[in-house]
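Only one structure is covered here, and it is reproduced in the block below.
We name chains A, B, ... by the order of the sequence lines, and we start the count at 1 in each one.
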There are 2 protein chains.
Amino acid sequence: MSIRPLPVTFMNQMADVLKVMGHGYRLRIVEFLDLHGPTPAHVLLAALGGAQGLLSQHLAKLRQAQVIQAERRGKEVWYTLDTPAATTILNCMRKRQGALQ
Amino acid sequence: MSIRPLPVTFMNQMADVLKVMGHGYRLRIVEFLDLHGPTPAHVLLAALGGAQGLLSQHLAKLRQAQVIQAERRGKEVWYTLDTPAATTILNCMRKRQGALQ
DNA sequence: ACGATATATCATTATGTTACGATATGTCAA
DNA sequence: TTGACATATCGTAACATAATGATATATCGT
């Protein structure tokens, strides 16, 4: 039972997801959501720092790539991880921590 | 035993790896090496297509991020996957294929 | 030393990304 | 409806990346 190459279009989709996660700030957003579950943006802002507009832009990119989901609750917008792929990649990183540095 | 946030410097390193893999052509290079093992560049070129100089540039990026390793054997340069993280990410993608689309 | 093959690098252009500051929108409470 | 809070978007400058065509380097056989 040999492993076949994945379809090129699928590879390109996955490349987009990897690319979006391939940014320190966004990766920290993803990690925070993985550790703490659904979180409103202002809590992310307090935890991660930086300018409000910048956080919003990064959240938008993660949303576009369907890595996270947004849901408004009153004044707040709550963000949630939307793909188990993100958690899998994080866990892979956690396992490797120490081995790479 | 709760999971702690990964160190920021480590996160940034991993973000670089994800970013480098976040490109369709490079992702296909990584997949090919994962499926076929060590491979000389001209075989990759025949398999993946594109301009020779472009392949070389992408290989250089993957090398810089320590995703692959290069070893000259005579006229050829053989490339090998250098981090199990790449295989883990690929396997994650394989599991998810079909679920995303 | 020469030609052929394999790979890397360079210069350039086009395009995309990031961060910043400012401004706009949405929601609620008084 | 006004103010306060939460979030999103816009314009822009700095910077990074991608692809192309051309050229350079490396290795081998003759």
Side-chain angles (χ1 to χ4, degrees), chain A residues 8-9 11-30 32-33 36 38-82, chain B residues 8 11-30 32-33 36-82:
Chain A
V8 173
T9 53
M11 292 284 277
N12 288 333
Q13 280 179 260
M14 289 305 305
D16 286 339
V17 173
L18 294 177
K19 187 178 179 180
V20 168
M21 290 184 64
H23 184 284
Y25 195 91
R26 289 192 292 263
L27 196 52
R28 256 168 275 134
I29 292 175
V30 170
F32 192 97
L33 295 178
H36 298 87
T39 309
H42 66 97
V43 171
L44 285 170
L45 186 61
L48 303 177
Q52 181 272 321
L54 189 59
L55 170 65
S56 197
Q57 279 177 217
H58 285 307
L59 289 171
K61 285 217 163 190
L62 289 166
R63 223 183 316 131
Q64 283 163 33
Q66 292 175 299
V67 174
I68 63 176
Q69 247 188 351
E71 187 203 346
R72 183 172 278 275
R73 295 190 201 168
K75 283 192 261 193
E76 305 173 329
V77 177
W78 286 65
Y79 286 94
T80 319
L81 277 194
D82 195 29
Chain B
V8 172
M11 292 283 278
N12 287 333
Q13 280 178 261
M14 290 306 303
D16 286 339
V17 172
L18 293 178
K19 186 178 180 180
V20 168
M21 287 182 67
H23 185 283
Y25 195 92
R26 288 194 293 262
L27 196 52
R28 255 168 274 132
I29 292 175
V30 168
F32 191 97
L33 294 178
H36 298 87
T39 308
H42 65 97
V43 172
L44 285 170
L45 186 61
L48 303 179
Q52 181 271 322
L54 190 59
L55 170 65
S56 198
Q57 285 180 46
H58 285 309
L59 289 171
K61 285 215 164 192
L62 289 166
R63 226 183 313 129
Q64 283 162 34
Q66 292 175 299
V67 175
I68 63 176
Q69 247 188 350
E71 188 202 344
R72 183 171 279 277
R73 296 189 200 166
K75 283 190 263 193
E76 304 172 330
V77 176
W78 286 64
Y79 285 94
T80 320
L81 277 194
D82 194 29

- Note on the structure: Rounded to the nearest 0.5 angstrom, the CD-CD distance for A:Glu76 and A:Glu71 is 11.0 Å
- Whole-Å distance, A:Leu59 CG to D:dA8 P, equals 7 Å
- Note on the structure: In whole angstroms, the gap separating P of C:dT18 from CG of A:Leu62 amounts to 11 Å
- Task: May I ask you to say what B:Gly53 touches in the nucleic acid, namely base, sugar-phosphate or nothing, with a heavy-atom cut-off under 4.0 Å?
- Result: base
- Task: Please answer whether the main-chain N or O of B:Gly37 pairs with a side-chain N or O of B:Thr39 as donor and acceptor at a distance below 3.5 Å.
- Result: yes
- Message: Tell me which one of B:Tyr25, B:Tyr79, B:Phe32 satisfies ring-ring contact (aromatic ring centres under 6.0 Å, His included) with B:His58.
- Response: B:Tyr25
- Where the side chain of B:His58 is concerned, which of D:dA19, C:dT7, C:dC20 is the nearest nucleotide? D:dA19
- Query: Under a 4.5 Å cut-off applied to non-hydrogen side-chain atoms, are B:Val30 and B:Leu81 in contact?
  - Reply: yes
- Query: Taking CG from B:Leu54 and C1' from C:dA11, how many angstroms apart are they, rounded to a whole number?
  - Reply: 15 Å
- Task: Please determine, for the side chain of B:Lys19, which listed nucleotide (C:dT27, D:dC28, D:dT17) has the closest atom?
- Result: D:dT17
- So what does A:Ala41 hit on the nucleic acid, given a heavy-atom distance under 4.0 Å: a base, only sugar-phosphate, or nothing? sugar-phosphate
- Interatomic distance where NE2 belongs to A:His23 and P belongs to D:dC15 [whole Å]: 15 Å
- Task: Among the candidates C:dA8, C:dT18, D:dC5, find the nucleotide nearest to the side-chain atoms of A:Lys61.
- Result: C:dT18
- Atom pair distance, as rounded to whole Å: CG in A:Leu18 and C1' in C:dT17: 17 Å
- Along DNA chain D (nearest heavy atom to each residue), the more 5'-positioned of B:Gly22 and A:Ser56: A:Ser56
- Task: Can you tell me the distance, in whole Å, between the CZ atom of B:Arg72 and the C1' atom of C:dT5?
- Result: 11 Å
- Identity of whatever pairs with D:dA24 - Watson-Crick or G-U, under 3.5 angstrom: C:dT7
- Atom-to-atom span, CH2 of B:Trp78 to P of C:dA8 - whole angstrom: 14 Å
- Item | For atom NE2 of B:His42 and atom P of C:dA8, their distance in whole Å | 12 Å
- Query: Of the nucleotides D:dT9, D:dT7, D:dA18, which has the atom closest to the A:Gln57 side chain?
  - Reply: D:dT9
- Could one point to a donor on the side chain of A:Gln52 or the base of D:dA8 with an acceptor on the other under 3.5 Å away? yes
- 5' priority, DNA chain C, between B:Tyr79 and A:Arg73 [closest heavy atom]: B:Tyr79
- side chain to side chain contact (heavy atoms under 4.5 Å, CB included) between B:Lys61 and B:Arg26, worked out: CA-CA 9 Å; B:Lys61 285 215 164 192; B:Arg26 288 194 293 262; 3.6 Å; yes
